[in-house]
Asker: 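Before anything else, here's the structure in question.
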Amino acid sequence: MVASDIQQFSEGRTKARAYFCYLFSKNIPNRLPSLSIEMIMPRLLKIKADLENCEGVYLLDTRGVQVTPTFAANKQIDEDAGRIRADRAYYYRAVREERCTITDPYPSLITQELTVTASQPIFDEKGEIKYVACLDMPLDEVIKISHQNKSDKFFTQLFKFSYAMFAFALIAVALLLFAHGIKSFFENDIIFSHLVIDDMFKATILLTLSLAIFDLAKTLIEEEILGRHKEANISGPHKTMVKFLGSIIIALSIEALMLVFKFAITDPAKLMSATYIIGGVAVLILSLAVYIKFTKVKSDI
């Protein structure tokens, strides 16, 4: 099994290296003045967050000394800072070749499983190597990356196109609701004549629904189409759900508040109905907190 995995890795090595080098070049600052660890590590951690099963990331200096802790999948290994990695292939090959490299599979010190390290030299404004960024990935995950076939790419593009269609359709719905909400202010003389609670309530419903739907569409475009993931503590597939539920909770909270004011003025006997909605919002908030907690734990494993 191990021999076949290594053979598969060897066959797809060039593609795997190109993939990791692309991630480095896209995210890591290079050939800039005043390069610092504080500038580099947030970008390196972003790469780690975007790679679902990344084993760990860390930074070496020009002598091969590790200058940061190892940020592993579910922990931070502080004792690794200060260790000398000058004899490691991922260090001396990156320094000698002055380009992004990928190692042969070797037993990981963290998981004891076969792993591969991609390393990227980071140059200062004078073209001299200042740091070496390192990224460890399990061998089986690298094989998946290196053997991604054309059908995978086709379906990835198809899904992005589908998400785009749904997102723009939702934006159209949100704009229609927004237009009707604004229109209702002028049709019913809410502003210029007299305040009618029912008309104000209906307009608020339209506007809050419009906001919730637009926020969902915005999240779909950012995360599923553009691939921007701002939070690193929730795994990618769950972010859209969290954002959507948050928008719904905000919308329901506004509606419950409107109902409280409406019934307090027009029909105090129905205040209990508004209280039920407030209770439902509280349950949704607790459920969302539990969902985020377990999603975070799962993404850290």
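Keep in mind that this is a model prediction, so the values were computed, not measured.
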Asker: Please report the closest heavy-atom contact between A174 and S210, naming both atoms and the distance.
Answerer: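 So the two residues come closest at O-OG, 2.7 Å.
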Asker: Is there a path of hydrophobic side-chain contacts, each under 4.5 Å between heavy atoms, that joins M39 and L45?
Answerer: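 In one cluster: yes.
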Asker: Please report the shortest heavy-atom distance between I171 and I221, naming the atom on each side.
Answerer: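 Residues I171 and I221, closest heavy atoms: CD1-CD1, 3.8 Å.
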Asker: Does anything in residues 80-92 pair up under salt bridge (charged side-chain N to carboxylate O under 4.0 Å, His left out), and if so which pairs, sequence neighbours excluded?
Answerer: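 Matches after skipping sequence neighbours: D80-R83, D80-R85.
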Asker: Should I37 and V65 be counted in the same cluster of Ile, Leu, Val, Met, Phe, Trp and Tyr side chains packed under 4.5 Å apart?
Answerer: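 Different clusters: I37 never reaches V65 through Ile, Leu, Val, Met, Phe, Trp or Tyr contacts under 4.5 Å.
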Asker: Less than 3.5 Å apart, any donor N or O on the side chain of T70 or Q76 sitting next to an acceptor on the other?
Answerer: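 There is no such pair (donor and acceptor under 3.5 Å, judged by atom type) between the side chains of T70 and Q76.
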Asker: Please round to the nearest 0.5 Å and tell me the distance separating atom CG of L23 and atom CZ of R43.
Answerer: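 It is 14.0 Å, given to the nearest 0.5 Å.
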Asker: Just wondering, more than 12 heavy atoms not from L175 lying within 6.0 Å of its CG?
Answerer: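 Counting neighbours around CG of L175, more than 12 heavy atoms of other residues, nucleotides or ligands fall under 6.0 Å, so yes.
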Asker: Do you know the tightest heavy-atom contact between P121 and I129?
Answerer: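 Shortest heavy-atom contact: CB-CD1, 4.1 Å.
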Asker: Do R17 and R99 come within less than 4.5 Å of each other through their side chains, counting heavy atoms only?
Answerer: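 Contact flag for R17/R99 side chains = yes.
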Asker: So, taking the atom named CZ in F71 and the one named SG in C54, what distance separates them when rounded to the nearest 0.5 Å?
Answerer: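 Going from the CZ atom of F71 to the SG atom of C54 covers 12.0 Å.
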Asker: Working to the nearest 0.5 angstrom, can you tell me the gap between F24 CZ and L44 CG?
Answerer: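 Reported value, rounded in 0.5 Å steps: 6.5 Å.
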Asker: Closest approach of P138 and N53, non-hydrogen atoms and distance?
Answerer: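 Heavy-atom minimum between the residues: CD-O, 3.3 Å.
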Asker: Can you find a pair of side-chain heavy atoms, one from Q120 and one from C100, that are under 4.5 Å apart?
Answerer: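 The answer is yes, as the side chains (C-beta and beyond) meet within the 4.5 Å cut-off.
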Asker: Could you state the interatomic distance from CG (L176) to CD1 (I213), rounded to the nearest 0.5 Å?
Answerer: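 If I round to the nearest 0.5 Å, the distance is 10.0 Å.
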Asker: Which heavy atom in M137 sits nearest to a heavy atom in L135, and how many Å separate them?
Answerer: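 What the structure gives for the nearest pair is CG-CD2, 3.3 Å.
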Asker: What I'd like to find out is whether the side chain of R13 reaches to under 4.5 Å of the side chain of I102, using heavy atoms alone.
Answerer: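 A side-chain contact under 4.5 Å exists here.
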Asker: Under the side-chain contact (heavy atoms from CB on, under 4.5 Å) rule, what do V67 and L60 come out as? Steps first, then yes or no, please.
Answerer: CA-CA 6 Å; V67 293; L60 311 180; 6.0 Å; no
Asker: According to a 4.5 Å side-chain heavy-atom criterion applied to Ile, Leu, Val, Met, Phe, Trp and Tyr, with indirect links allowed, do F159 and F161 form part of one hydrophobic cluster?
Answerer: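 No; F161 is not reachable from F159 via cluster members.
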Asker: Enumerate the salt bridge (charged side-chain N to carboxylate O under 4.0 Å, His left out) contacts for residues 111-128, please, sequence neighbours excluded, ordered by first and then second residue.
Answerer: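 For residues 111-128, and leaving out neighbouring residues, there are no salt bridge (charged side-chain N to carboxylate O under 4.0 Å, His left out) pairs at all.
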Asker: Side-chain heavy atoms nearer than 4.5 Å, only ILVMFWY residues, links allowed to pass through others: does that put I122 and Y92 together?
Answerer: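 Looking at the clustering, Y92 is in a separate group from I122.
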Asker: Would you list the pairs meeting salt bridge (charged side-chain N to carboxylate O under 4.0 Å, His left out) in which at least one residue belongs to residues 59-69, sequence neighbours left out?
Answerer: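 Matches after skipping sequence neighbours: D61-R63.
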Asker: Just do the side-chain contact (heavy atoms from CB on, under 4.5 Å) check on V116 and F20 with the steps written out, would you?
Answerer: CA-CA 11 Å; V116 169; F20 290 118; 5.7 Å; no
Asker: F178 vs L207, test: side-chain contact (heavy atoms from CB on, under 4.5 Å). Steps then yes/no.
Answerer: CA-CA 5 Å; F178 177 79; L207 293 176; 3.7 Å; yes
Asker: Calculate, to the nearest 0.5 Å, the distance between atoms OG1 and CZ belonging to T117 and R93 respectively.
Answerer: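 Between atom OG1 of T117 and atom CZ of R93 there are 11.0 Å.
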Asker: Do other residues, nucleotides or ligands put more than 12 heavy atoms under 6.0 Å from the CZ atom of F123?
Answerer: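 Yes - once you tally the heavy atoms of other residues, nucleotides and ligands closer than 6.0 Å, there are more than 12.
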Asker: Nearest 0.5 Å, please: how far is OH in Y106 from CG in D136?
Answerer: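 The OH atom of Y106 is 4.0 Å from CG of D136, to the nearest 0.5 Å.
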Asker: What I'd like to find out is whether the side chain of I40 reaches to under 4.5 Å of the side chain of P29, using heavy atoms alone.
Answerer: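 Yes, side chains in contact.
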Asker: Looking at G56, is its backbone amide N or carbonyl O close enough to the side chain of K48 to form a donor-acceptor pair, meaning the two atoms are under 3.5 Å apart?
Answerer: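 Such a contact is absent between K48 side chain and G56 backbone.
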Asker: Dump the intermediate steps for side-chain contact (heavy atoms from CB on, under 4.5 Å) on T68 and V57, then the final yes or no.
Answerer: CA-CA 9 Å; T68 67; V57 294; over 6 Å; no
Asker: Given side chains that start at C-beta, do those of L139 and I143 come closer than 4.5 Å, heavy atoms only?
Answerer: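 With C-beta onward as the side chain, the pair touches.
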Asker: If we only count heavy atoms from C-beta on, is the L288 to L284 side-chain gap below 4.5 Å?
Answerer: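 No, every pair of side-chain atoms sits at 4.5 Å or beyond.
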Asker: Does any part of the side chain of Y19, heavy atoms only, come nearer than 4.5 Å to the side chain of L51, both counted from C-beta?
Answerer: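 Result yes, sub-4.5 Å side-chain heavy-atom pair found.
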Asker: For a quick test of reading the model, state the closest non-hydrogen atom pair linking A133 to L59 and the distance between them.
Answerer: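 In this case the closest contact between A133 and L59 is CA-CD1, 3.7 Å.
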Asker: I77 versus K75: any side-chain heavy-atom pair under 4.5 Å?
Answerer: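 I77 vs K75: side chains touch.
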Asker: Going only through I, L, V, M, F, W and Y residues with side-chain contacts under 4.5 Å, is there a path from L32 to I47?
Answerer: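 Yes, because L32 and I47 connect within a single hydrophobic cluster, where side-chain heavy atoms sit under 4.5 Å apart.
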Asker: Please check if the side chain of S25 supplies one atom and the backbone of Y22 the other of a donor-acceptor pair under 3.5 Å.
Answerer: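 It does hold such a pair.
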